[in-house]
Asks: 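The structure's right below; bear with me while I get my questions together.
One-based numbering, in listed order, for ligands and for the atoms of each.
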Amino acid sequence: MNAKFLQTPIAYLKGVGPNRAEILQSELGIHTYQDLLHLFPNRYIDKTQYYTINQLQRNSSEVQIIGKVVHLKTVEQARGSRLVATFMDQTGEMELVWFRGHKWIRESLKLNVPYVIFGRLQYFNGRFSMPHPEMELAQEHQQGIRVAMQPVYPSTEKLQKRGITNRLMNKLLQQLFSELPGAFAETLPAKMIEELRLTSKSRALFHIHFPKDQETLSKAQFRLKFEEFFYIQLQLLFKKQLRKQKIKGMPFEKVGEHFNRFYQEHLPFQLTGAQQRVIKEIRADLGSNAQMNRLLQGDVGSGKTIVALLAMLLAIDNGYQACLVAPTEILAVQHYNGLKELLGDMGVSIALLTGSVKQKDRKPLHEELQNGKLNILVGTHAVLEDKVRFHNLGLAIIDEQHRFGVAQRAKLWRKNQLPPHILVMTATPIPRTLAMSLYGDLDISVIDELPPGRKPIRTVHRYDANRLKVFRFLRDEIQKGRQVYIVYPLIQESEALDYKDLMDGYESVVREFPQPEYQVSIVHGQMKAEDKDYEMERFLKKETQIMVATTVIEVGVNVPNASVMIIESAERFGLSQLHQLRGRVGRGAEQSFCILMTGHKLSSEAKTRLETMVRTNDGFEIAEVDLKLRGPGDLMGTQQSGVLNLKIADVVRDRDILQTARFYAQRLLKEDPDLEANDNLPVRVAYSRLSRHKDIWTYIS
Ligand code: ADP
Ligand code: MG
């Protein structure tokens with residue numbers, strides 16, 4: 001019954017008006033009453049306490065005091081002036097200080113009238129003072145909705161400057177609630193509310209803004225977090241259900257000659273148990289009537305490529321084309337070469353399409369793609385361009401998803417009438433339970449076993465001061481015929497400096513490892529693609545022993561003979577990046593090493609990252625630590641997908657609630673797949689409102 005009321009433009013709320021409405025919109029995205037209602041506080045300040053001035057302690061931080069302003073003066077300073085008020089209660093006096101907005105304060109502040117002030121306390125020269133206090137007339141303070149836990153709303157400098165203070169936000173919310181025509185409709189089934197002892201929707205919304213005490217606040221938070229997760233899960237699961245039932249795939253019914261011949265004659269090694277299992281899972285998907293939408297997780301070096309190839313052969317056996325899309329040119333080239341070699345004389349036609357393929361070479365390629373002569377297309381995002389049309393694309397494989405936006409994947413979807421099967425491969429492991437919860441509409445396969453004979457990489461942390469020793473170690477390894485990567489950070493914000501570091505580093509390496517005895521390659525993002533390829537190629541052919549690079553080699557490059565990875569300024573890399581980089585070595589039978597170089601000054605977070613790397617090679621364990629340190633922001637393009645556009649819940653901190661919500665969403669859909677039961681009416685109503693915002697690409701996100 002509140003739906004219409006909540007859609008009222010925010011300008012109409014008493015106390016807002018057109019000017020404030022505009023700022024609220026631009027700064028906080030608040031357009032309607034509904035938006036304001038869902039602006040949840042960042043934190044709460046306990047205002048159950050009132051202090052007297054003689055109770056103040058030097059370590060009191062935020063305090064609330066009742067008293068009067070008895071005197072106001074302007075004090076000139078070297079830079080501008082400050083306005084100082086003498087504030088008194090029965091027990092003593094202190095100062096209130098303003099550095100800005102003097103005129104307004106002089107005009108509006110009433111002398112000798114009781115105020116309730118609140119703010120951060122400062123102690124200076126034996127006196128207490130409070131800069132820019134929040135002030136409210138004691139009389140108004142008593143009339144407001146009694147809030148013990150004072151909510152603190154998100155704010156910006158601009159909001160502050162324009163007088164939209166926390167207190168005003170609080171007032172606006174009071175106003176909103178006072179105009180409310182009735183209770184909020186319940187959005188969860190009665191049974192669920194009872195089982196989980198949830199507080200009602202109405203009460204939760206009220207208490208999140210005006211909590212009586214810690215307990216009501218906790219209950220309100222739990223209810224709203226649960227609800228937020230519940231609907232995300234419901235959406236994901238619903239989509240998956242829909243896809244399985246309604247979106248017809250192209251069933252790859254037979255396992256044919258290509259697959260069998262490759263499997264019997266061309267497999268260069270025995271597949272690991274995990275690879276076999278995953279191939280079975282993929283085969284089952286491809287053979288069914290539904291479109292496959294599968295995420296393949298496997299640590300670096302776990303052997304995802306061969307799995308991809310076998311899946312592509314299934315497509316070919318059933319008369320379809322396949323494509324493999326990689327995030328970088330280097331990787332696309334590697335895949336292309338690698339696959340060609342694996343395929344040998346199988347008679348499968350395969351082509352490469354990247355940004356640097358010349359126009360004149362593209363024409364025949366486009367033709368063969370369209371008339372179906374070409375079986376496999378490997379490439380970068382160039383494959384996604386509209387000009388690139390397939391005869392019948394049956395399977396699209398995307399490698400290393402975290403570089404790949406969801407919208408880009410959607411382009412693949414649009415290349416056919418029927419959506420191709422999609423396999424997304426990633427080496428950025430996320431804890432499985434979390435993955436299931438976040439990507440509930442994808443099916444997930446995990447390669448949790450490395451090919452046999454791999455020796456775990458030995459990782460150490462060394463300080464820059466020990467560089468000479470490290471170089472000596474390198475010389476020994478190179479002597480044994482091994483190759484070495486030396487990687488420099490490249491962080492966008494300080495690109496110029498980073499390039500300087502890289503070039504300085506390169507020069508010192510060349511000095512230490514002079515020609516003709518040693519050959520050093522360099523690869524970085526500002527080089528032309530063909531120069532990068534050339535250098536990679538030299539390294540691959542063992543013509544150079546050392547590869548100095550920025551993180552362009554981060555993803556997927558495979559040089560089995562490289563056995564030492566040196567990461568410079570390792571403290572500047574994130575954990576998952578460090579792990580990815582380390583994964584470039586340890587691919588051959590030799591003992592491999594990863595050396596993390598840093599200076600002496602390290603933040604505690606950086607120390608944790610380095611210690612974690614030294615302690616373990618397990619990508620999943622590393623992902624756990626990473627998640628704790630950083631939160632989920634960066635996980636696999638979640639930002640673009642909007643999946644994590646959460647207003648109140650936090651996937652890391654509230655993981656338990658997430659699990660619960662997923663369980664309840666699953667159960668609900670199992671019992672009532674079309675949300676027809678009477679008890680589930682609130683869910684149906686809320687869900688249909690939610691899904692009106694749906695976009696086609698959400699099917700494959
Ligand atoms: P990633 O999962 O990181 O993409 P790759 O597919 O590049 O891993 O495989 C890494 C290396 O391991 C390659 O050299 C590949 O030939 C090799 N490899 C893959 N599977 C096996 C296996 N079952 N036995 C032995 N070597 C394997
Ligand atoms: Mg790979």
Asks: Looking only at the side chains, is there a donor atom on one of S592 and S563 sitting less than 3.5 Å from an acceptor on the other?
Replies: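 The answer is no; no qualifying pair exists.
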Asks: Which ligand 1 atoms, with their elements, are less than 4.0 angstrom from a heavy-atom of R587?
Replies: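 It comes down to these atoms of ligand 1: 3 (O), 7 (O), 10 (C).
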Asks: Is there side-chain contact between H524 and K532, with heavy atoms separated by less than 4.5 Å?
Replies: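 With C-beta onward as the side chain, the pair stays apart.
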Asks: Between G301 and ligand 1, is there a nitrogen or oxygen pair with a distance under 3.5 Å?
Replies: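 Yes.
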Asks: Does NZ or CZ of R609 fall inside the cone over F573's six-membered ring, less than 6.0 Å from its centre and within 45° of the axis?
Replies: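 The answer is no; the distance or angle limit is not met.
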Asks: I need the atoms of ligand 1 closer than 4.0 Å to a non-hydrogen atom of S302, numbered in the order shown.
Replies: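 It comes down to these atoms of ligand 1: 2 (O), 8 (O).
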Asks: With heavy-atom distances below 4.0 Å as the criterion, list the atoms of ligand 1 near T272.
Replies: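 Counting atoms of ligand 1 from 1, those under 4.0 Å from T272 are 23 (N).
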Asks: State the atoms of ligand 1, each with its element, that fall below the 4.0 Å cut-off from a heavy-atom position in Q270.
Replies: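 This gives 22 (C), 23 (N), 24 (N) as the contact atoms.
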Asks: Could a heavy atom of R454 be found less than 4.0 Å from some atom of ligand 1?
Replies: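 Contact present.
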Asks: Suppose we screen for side-chain contact (heavy atoms from CB on, under 4.5 Å). Which residues come up paired with T305, at least two apart in sequence or across chains?
Replies: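 T305 satisfies side-chain contact (heavy atoms from CB on, under 4.5 Å) with H335, L339 only.
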Asks: Consider every N or O of P452 and every N or O of ligand 1, then say whether any pair is closer than 3.5 Å.
Replies: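 By distance alone, the answer is no.
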Asks: Indicate yes or no: does E611 engage R615 in a salt bridge with an N to O separation below 4.0 Å.
Replies: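 No salt bridge links E611 with R615.
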Asks: Is L271 touching ligand 1 with its side chain, its backbone, both, or neither, if touching means heavy atoms under 4.0 Å apart?
Replies: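 Only the backbone of L271 comes within reach of ligand 1.
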Asks: Would one find more than 12 heavy atoms of other residues, nucleotides or ligands at under 6.0 Å from atom CZ of R458?
Replies: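 Count not over threshold, so no.
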Asks: Which of the atoms of ligand 1 are close to T305, meaning less than 4.0 Å from one of its heavy atoms?
Replies: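 Answer, ordered by atom number: 4 (O), 5 (P), 6 (O), 7 (O).
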Asks: Quick one: does Y506's side chain get under 4.5 Å of Y488's, heavy atoms only?
Replies: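 Y506 vs Y488: side chains apart.
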